[in-house]
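What follows is one structure encoded as structure tokens, with my remarks underneath.
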Amino acid sequence: MPAPSPGAAPATDWRDIPGGRFRMGNDGPDADPADGEGPVRDVALPAYRIAATTVTNAGFAAFVRSTRHVTTAERTGRSFVFYLQLPEAMRADRAMAVRGTPWWIAVEHASWQRPEGPGSHVLDRPDHPVVHVSWHDALAYAAWAGARLPSEAEWERAARGGLEGKRFAWGDDLRDAGGRLRCNVFRGEFPDRPEAGWTPGPVDASDGEPNGFGLRNVCGNVWEWCDAPPRDDTRPLRGGSFLCHDSYCNRYRVAARTTNTADSTASNIGFRIA
């Protein structure tokens with residue numbers, strides 16, 4: 001992937017979403033009422049554009065070169081990393097683990113440039129989604145790129161790809177006819193018995209096949225920040241991540257949502273622009 005010129009925002013692969021009405025949300029048996037994904041309601045939106053993929057490491061690097069932006073994780077000096085992404089020696093030290101979710105480790109100096117902390121880097125991952133970005137970082141990138149973050153309604157309409165009432169961006173089945181997962185979510189028994197990779201994949205990976213509007217990886221891979229009127233210090237996230245699993249976080253459905261504080265950063269949080 002060629003690096004963007006210093007000072008220039010990288011070209012965005014936009015998808016045009018037509019204006020119209022759609023049915024947003026879910027109040028079926030797999031919905032979590034506490035998440036606020038229901039009730040199902042009619043929402044009308046004007047036409048807009050949204051990126052086909054989340055922002056990449058290469059794209060975010062161009063932003064940092066141009067603006068000298070220092071991310072939230074870099075200012076605070078640490079970020080949260082899924083323990084299996086860490087070297088064996090670091091996994092054993094659970095002193096910085098999050099109470100109640102011990103698979104999350106607060107790693108000193110983990111950031112977008114060092115996704116697994118010191119010794120890691122993104123030089124060989126230019127086409128992977130940038131992670132360890134807070135809502136504030138995502139907003140700053142979007143402004144630099146002459147764009148914004150999508151609203152939840154815009155994100156969900158685009159993620160549905162024109163399908164109504166389906167669980168995922170392609171339909172209701174998580175696997176294709178050959179039994180292959182259609183998105184990058186946790187494979188195996190969460191969190192200690194993975195069957196395959198437990199990291200984000202490239203933004204245009206084949207297991208993130210495009211939906212009806214041409215968007216990729218709206219289910220799984222990384223959580224995506226959305227915009228919303230501030231009612232408190234939390235902001236919405238959509239799409240789930242590579243760590244989602246039916247037994248733990250069944251939020252890789254297009255109607256699912258969660259929230260986190262605007263300064264939260266982790267190895268499974270990224271964003272796309274609109």
side-chain hydrogen bond (donor to acceptor under 3.5 Å, both in side chains) for Trp155 and Glu224? Distances and angles first, verdict last. CA-CA 9 Å; Trp155 188 95; Glu224 302 180 25; 2.8 Å; yes
I would like to know whether Asp172 and Lys166 meet salt bridge (Lys or Arg N to Asp or Glu O under 4.0 Å); could you show each step before the answer? CA-CA 5 Å; Asp172 287 325; Lys166 300 299 183 181; 3.7 Å; yes
Please test Asp246 against Tyr252 for side-chain hydrogen bond (donor to acceptor under 3.5 Å, both in side chains), starting from the C-alpha separation and ending with a verdict. CA-CA 9 Å; Asp246 280 348; Tyr252 46 92; 2.4 Å; yes
How far apart are the C-alpha atoms of Ile17 and Ile50, what are their side-chain angles, what is the distance that settles it, and do they pass the side-chain contact (heavy atoms from CB on, under 4.5 Å) test? CA-CA 7 Å; Ile17 311 299; Ile50 192 167; 3.9 Å; yes
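Of the options Arg114, Gln85, His109, a side-chain contact (heavy atoms from CB on, under 4.5 Å) to Ser120 is made by Arg114 and by none of the others.
When every heavy atom of Leu237 is checked against every heavy atom of Trp223, the shortest pair comes out as O-CZ3, 3.5 Å. Considering all non-hydrogen atoms of both residues, Arg157 and Phe213 come closest at O-CE1, 3.5 Å. Across all their heavy atoms, Ala255 and Asn26 have their closest contact at CB-CB, 3.5 Å. The heavy-atom pair separating Ile273 from Ala142 by the smallest distance is CG2-CB, 3.9 Å. Contact detail for Asp232 and Thr234: the closest heavy-atom pair is OD1-OG1, 2.5 Å. Considering every non-hydrogen atom in both Ala158 and Tyr48, the closest pair reads N-OH, 3.5 Å.
Arg49 is not listed as a side-chain neighbour of Glu154, based on a closest heavy-atom distance of 4.5 Å or more. Proximity of Met90 to Glu116: side-chain heavy atoms (C-beta onward) are nowhere separated by under 4.5 Å. At least one side-chain heavy atom of Arg187 sits under 4.5 Å from a side-chain heavy atom of Leu181. Ser151 is not listed as a side-chain neighbour of Asp227, based on a closest heavy-atom distance of 4.5 Å or more. Contact annotation: the side chain of Arg21 never approaches that of Val43 to less than 4.5 Å [non-hydrogen atoms, C-beta and beyond]. Residues Arg78 and Ile105 fail the side-chain proximity criterion, which asks for heavy atoms closer than 4.5 Å.
Between Phe63 and Trp144, the ring planes lie tilted relative to each other; the angle falls in the 30° to 60° range. In this structure, Phe271 and Tyr141 have perpendicular ring planes: the angle between them is above 60°, well past the 30° mark. Aromatic ring orientation, Trp170 versus Phe168: parallel (interplanar angle below 30°, classes split at 30° and 60°).
Taking a 6.0 Å sphere around CZ of Arg75, one finds it holds more than 12 heavy atoms contributed by other residues, nucleotides or ligands.
Between Glu164 and Arg160 there is no salt bridge, since none of the side-chain N atoms of the basic residue sits less than 4.0 Å from a carboxylate O of the acidic one.
Between Phe242 and Trp198, the distance separating the two ring centers is not shorter than 6.0 angstrom. Taking the six-membered ring for Trp and the full ring otherwise, Tyr83 and Trp103 have centroids separated by 6.0 Å or more.
A donor-acceptor distance shorter than 3.5 angstrom exists from the side chain of Arg238 to the backbone of Val254, with no hydrogens or angles considered. In this structure, Asp32 contributes its side chain and Glu37 its backbone to no donor-acceptor pair below 3.5 Å. With Arg41 contributing its side chain and Pro39 its backbone, the two residues share a donor-acceptor pair below 3.5 Å. With hydrogens and angles disregarded, no donor-acceptor distance shorter than 3.5 Å links the side chain of Glu152 to the backbone of Pro236. Judged by distance alone, with hydrogens and angles left aside, the side-chain atoms of Arg91 form a donor-acceptor pair with the main-chain N or O of Leu86 at under 3.5 Å. For Arg125 (side chain) and His121 (main-chain N/O), a donor-acceptor pair under 3.5 Å exists by modelled atom type. Within the 3.5 Å criterion, the main-chain N or O of Ala51 finds a donor-acceptor partner in the side chain of Arg272. Checked by atom type and distance alone, the side chain of Arg253 pairs as donor or acceptor with a backbone atom of Asn250 at under 3.5 Å. With hydrogens and angles disregarded, no donor-acceptor distance shorter than 3.5 Å links the side chain of Asn260 to the backbone of Ser264. A side-chain donor-acceptor contact under 3.5 Å links Asn211 to the backbone of Ala159.
Follow the hydrophobic side-chain contacts under 4.5 Å out from Leu149 and you reach Trp112 in the same cluster. Note on Val185: it does not cluster hydrophobically with Leu84, by side-chain heavy-atom contacts below 4.5 Å among ILVMFWY residues. Cluster membership check: Val98 shares its hydrophobic cluster with Phe190, using side-chain heavy-atom separations under 4.5 Å among Ile, Leu, Val, Met, Phe, Trp and Tyr. Leu163 and Leu45 sit in two unconnected hydrophobic clusters of ILVMFWY residues. Membership requires side-chain heavy atoms under 4.5 Å apart, directly or through other members. In the hydrophobic clustering of this structure, Tyr248 does not group with Leu174; members are Ile, Leu, Val, Met, Phe, Trp, Tyr whose side-chain heavy atoms approach within less than 4.5 Å, directly or through other members.
Separation of atoms CG (Asp263) and CG (Asp233) is listed at 6.0 Å; rounding is to 0.5 Å. We find the CG-OG1 distance between Asn221 and Thr53 to be 10.0 Å, quoted to the nearest 0.5 Å. With values rounded to the nearest 0.5 angstrom, Thr101 atom OG1 is found 8.0 Å from Phe80 atom CZ. For the atom pair NE2 (His128) and OG1 (Thr54), the distance works out to 10.5 Å, reported to the nearest 0.5 Å. Here Asn268 contributes atom CG and Cys244 contributes atom SG; the two are 7.5 Å apart, rounded to the nearest 0.5 Å. In this structure, Asp127 CG and Asn57 CG are separated by 8.5 Å, a value rounded to the nearest 0.5 Å.
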Please table the atom pairs, donor to acceptor, closer than 3.5 Å between any side-chain atom in residues 129-140 and protein atoms at least two apart or in another chain.
| unit_1 | atom_1 | unit_2 | atom_2 | d |
| --- | --- | --- | --- | --- |
| His132 | ND1 | Ser79 | OG | 2.7 |
| His132 | NE2 | Pro115 | O | 2.8 |
| Ser134 | OG | Thr72 | OG1 | 2.8 |
| Ser134 | OG | His136 | N | 3.3 |
| Ser134 | OG | Asp137 | N | 3.1 |
| Ser134 | OG | Asp137 | OD2 | 3.1 |
| Trp135 | NE1 | Cys226 | O | 3.2 |
| Asp137 | OD1 | His69 | NE2 | 2.8 |
| Asp137 | OD1 | Thr72 | N | 3.3 |
| Asp137 | OD2 | Thr72 | N | 3.3 |
| Asp137 | OD2 | Ser134 | N | 2.9 |

